[in-house]
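These figures come from a predicted structure and were not determined experimentally. Scope of the values below: all heavy atoms of this structure, side chains included, with no hydrogens, waters or symmetry mates. Atoms within each ligand, like the ligands themselves, are counted from 1 in listed order.
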Amino acid sequence: MSTPLPNPPSFRLEGKRALVTGASRGIGLAAAAALADAGASVVLAARSRADLTAGAEAIRKAGGTAEILPLDVADLPSALEAINGAGAFDILFNNAGINRPGPFLDATPADFDTVFSVNVRAAYFIAQAVSRGMVAQGRGGSIIQTSSQMGHVGGIDRTIYTASKHALEGLTRAMAIELGKHNVRVNTVCPTFVATALTASTMQDPVRMDWIRSKIHLGRTGEVTDITGAVVFLASDAAALITGSSVMIDGGWTAG
Ligand code: NAP
């Protein structure tokens, strides 16, 4: 008699619809491609219509299903109108984010408001809008927020950004408590420095690169494809009991 084996986890996303914000480039576009490759139908949202169109075309060419939803998350009323008009989703990769690097002593209220309007305010109300659709649809869902290692530690010239990502970590845990009864899971991914437009100026600075290399025990900065496996995992039924968690993708930075 053969031993009955437990079912292996499924990382597949067929039949799921995913909204990805910040999908015109960088981590968001890579995640949209990975979610589509895992079988999800993806909706790419950001401001740059031309980049969204090119990204969606590339995903379709690779065999995936993709649409675009041009929007500016800082213009929250119109962004929410667009999202509410796009139908219900099973997966949200709440990823649009910005930084205004600079010393704490020089930061202005305008810098603070600009970063918080995208990284916290928009993330909060987009998550709320998509959660409402998930609850109404009644089949659960997975929300993955792009936090950062700076949601867990501090970083040089990053007080506002660090504060915004710590806020996202708190939001994620509190959402997980309220949405668990609807089987809506809420988690973060927390990248270290990844080569994208966001980090280009920092990664061209040799002094900052010395600091970064001294902190990453695996000895290298990240590529966008280092982030996407965790996004697909958290979106999938393989992560069915994971909520309120943070996946550190930081090469050991926060290990100490
Ligand atoms: P990126 O290449 O600059 O991409 C940012 C994305 O956000 C773009 O698609 C951009 O699209 C979109 N976006 C920015 N402002 C927006 C707005 N007002 N409305 C709609 N979309 C907007 O940066 P990235 O590195 O991929 O960053 C993605 C996320 O990862 C961010 O939340 C960031 O904080 C986080 N993160 C990045 C790193 C890293 O080292 N790169 C590390 C930790 C966390 P449009 O310009 O077309 O609108």
Check your understanding: Quick one: which of Ser147, Ser245, Ser246 gives a side chain to side chain contact (heavy atoms under 4.5 Å, CB included) with Asn187?
Key -> Ser245
Point to revise | Sub-4.0 Å atoms of ligand 1 with respect to non-hydrogen atoms of Ser48 | key: 45 (P), 46 (O), 47 (O)
Practice item. Please identify which atoms of ligand 1 are closer than 4.0 Å to at least one heavy atom of Leu71. Key: 19 (N), 20 (C)
Exercise for review: State, with a plain yes or no, whether a side-chain heavy atom of Gln145 is found less than 4.5 Å away from one of Asn95.
Suggested key: no
Check your understanding: Which protein heavy atom lies closest to atom 21 (N) of ligand 1, and at what distance to 0.1 Å?
Key -> Ala46 CA, 3.7 Å
Practice item. Name the closest protein heavy atom to atom 28 (C) of ligand 1, giving the residue it belongs to and the distance to 0.1 Å. Key: Asn95 OD1, 3.4 Å
Practice item. Please indicate whether any nitrogen or oxygen in Ile27 is less than 3.5 Å from any nitrogen or oxygen in ligand 1. Key: yes
Review point. Is the shortest distance from a Lys or Arg side-chain nitrogen in Asp226 or Arg220 to a carboxylate oxygen in the other one below 4.0 Å?
Key: yes
Study note, to complete from the structure: Phe193 meets the ring-ring contact (aromatic ring centres under 6.0 Å, His included) criterion, sequence neighbours left out, with Trp211, Trp253
Exercise for review: Distance to 0.1 Å, residue and atom name: give those for the protein heavy atom nearest to atom 40 (O) of ligand 1.
Suggested key: Val194 N, 2.6 Å
Exercise for review: Would you check if Ile27 and Phe93 make a side-chain contact, meaning some heavy-atom pair closer than 4.5 Å?
Suggested key: yes
Review point. So, Gln149 and Thr254: side-chain donor and acceptor under 3.5 Å apart, yes or no?
Key: no
Review point. Does Thr221 come within less than 4.0 Å of ligand 1, judged by its heavy atoms?
Key: no
Check your understanding: Taking the non-hydrogen atoms of Asp51, is any one of them nearer than 4.0 angstrom to ligand 1?
Key -> no
Review point. Do any N/O atoms on Asn119 end up under 3.5 angstrom from N/O atoms on ligand 1?
Key: no
Point to revise | Min N/O separation Ser148 to ligand 1 under 3.5 Å | key: no
Exercise for review: State, yes or no, whether a side-chain contact exists between Leu168 and Val120 at a heavy-atom distance under 4.5 Å.
Suggested key: no
Review point. Considering only heavy atoms of Gly26, which atoms of ligand 1 have at least one such atom less than 4.0 Å away?
Key: 2 (O), 26 (O)
Revision key, fill the gap. If you scan protein heavy atoms around atom 23 (O) of ligand 1, the nearest is Leu198 CB, 3.4 Å
Review point. Between the side chains of Ser117 and Asp113, is a donor N or O closer than 3.5 angstrom to an acceptor N or O?
Key: no
Check your understanding: Does the side chain of Thr202 pick up a donor-acceptor pair with the side chain of Asp205 at under 3.5 Å?
Key -> no
Check your understanding: Do Asn84 side-chain atoms and Leu80 backbone N/O form a donor-acceptor pair below 3.5 Å?
Key -> yes
Review point. Of Thr196, Thr199, Thr188, which has the heavy atom at the shortest distance from atom 24 (P) of ligand 1?
Key: Thr196
Check your understanding: Does a side-chain N-to-carboxylate-O contact under 4.0 Å join Arg12 and Asp237?
Key -> no
**Study point:** 4.5 Å side-chain heavy-atom contact, Val231 and Leu35
**Key:** yes
Check your understanding: Which ligand 1 atoms are under 4.0 Å away from a heavy-atom of Ser24?
Key -> 8 (C), 9 (O), 10 (C), 11 (O), 45 (P), 47 (O)
Practice item. Start with the C-alpha gap between Arg173 and Glu169, add the side-chain angles, then the distance that decides, and say whether salt bridge (Lys or Arg N to Asp or Glu O under 4.0 Å) holds. Key: CA-CA 6 Å; Arg173 279 160 187 72; Glu169 289 291 328; 2.8 Å; yes
Check your understanding: Can a cation-pi geometry be assigned to Arg121 and Phe116, taking NZ or CZ under 6.0 Å from the six-membered ring centre and within 45° of the ring axis?
Key -> no
Review point. Do ligand 1 and Gly28 have nitrogen or oxygen atoms that lie under 3.5 Å from each other?
Key: no
Check your understanding: Tell me: protein heavy atom nearest atom 33 (C) of ligand 1, and distance?
Key -> Tyr161 OH, 3.5 Å
Review point. Ligand 1 versus Thr192, non-hydrogen atoms closer than 4.0 Å: side chain, backbone, both, neither?
Key: backbone
Check your understanding: So which heavy atom in the protein is nearest atom 48 (O) of ligand 1, and how far is it from that ligand atom?
Key -> Arg47 NE, 2.6 Å
Practice item. Of the side chain and backbone of Ser147, name the one, both, or neither that has a heavy atom under 4.0 Å from an atom of ligand 1. Key: backbone
Practice item. Mind checking whether Ala23 contacts ligand 1 via backbone (N, CA, C, O), side chain (CB onward), both or neither, at a 4.0 Å heavy-atom cut-off? Key: backbone
Review point. Which of the numbered atoms in ligand 1 are below 4.0 angstrom from a heavy atom of Gly97?
Key: 5 (C), 7 (O), 31 (C), 32 (O)
Review point. Tell me, do Arg47 and Ser24 make a side-chain contact under 4.5 Å, heavy atoms counted?
Key: no
Practice item. Taking only heavy atoms of Asp72 into account, list the atoms of ligand 1 that are under 4.0 Å away from them. Key: 17 (C), 18 (N), 19 (N)
Exercise for review: Give yes if a backbone or side-chain nitrogen or oxygen of Gly22 is under 3.5 Å from a nitrogen or oxygen of ligand 1, and no if not.
Suggested key: yes
Practice item. Indicate yes or no: does an N/O atom of Val73 lie under 3.5 Å from an N/O atom of ligand 1? Key: yes
Exercise for review: Kindly indicate, with the supporting measurements, whether the criterion side chain to side chain contact (heavy atoms under 4.5 Å, CB included) is fulfilled by Thr65 and Val42.
Suggested key: CA-CA 6 Å; Thr65 304; Val42 295; over 6 Å; no
**Study point:** Residue and atom name of the nearest protein heavy atom (relative to atom 30 (O) of ligand 1), distance in Å to one decimal
**Key:** Thr146 CG2, 3.1 Å
Practice item. Would you tell me which option among Arg25, Lys165, Arg49 has the nearest heavy-atom contact to atom 3 (O) of ligand 1? Key: Arg25
Practice item. State the atoms of ligand 1, each with its element, that fall below the 4.0 Å cut-off from a heavy-atom position in Phe193. Key: 40 (O)
Point to revise | Distance filter under 4.0 Å to Ile98 heavy atoms, resulting ligand 1 atoms | key: 14 (C), 15 (N)
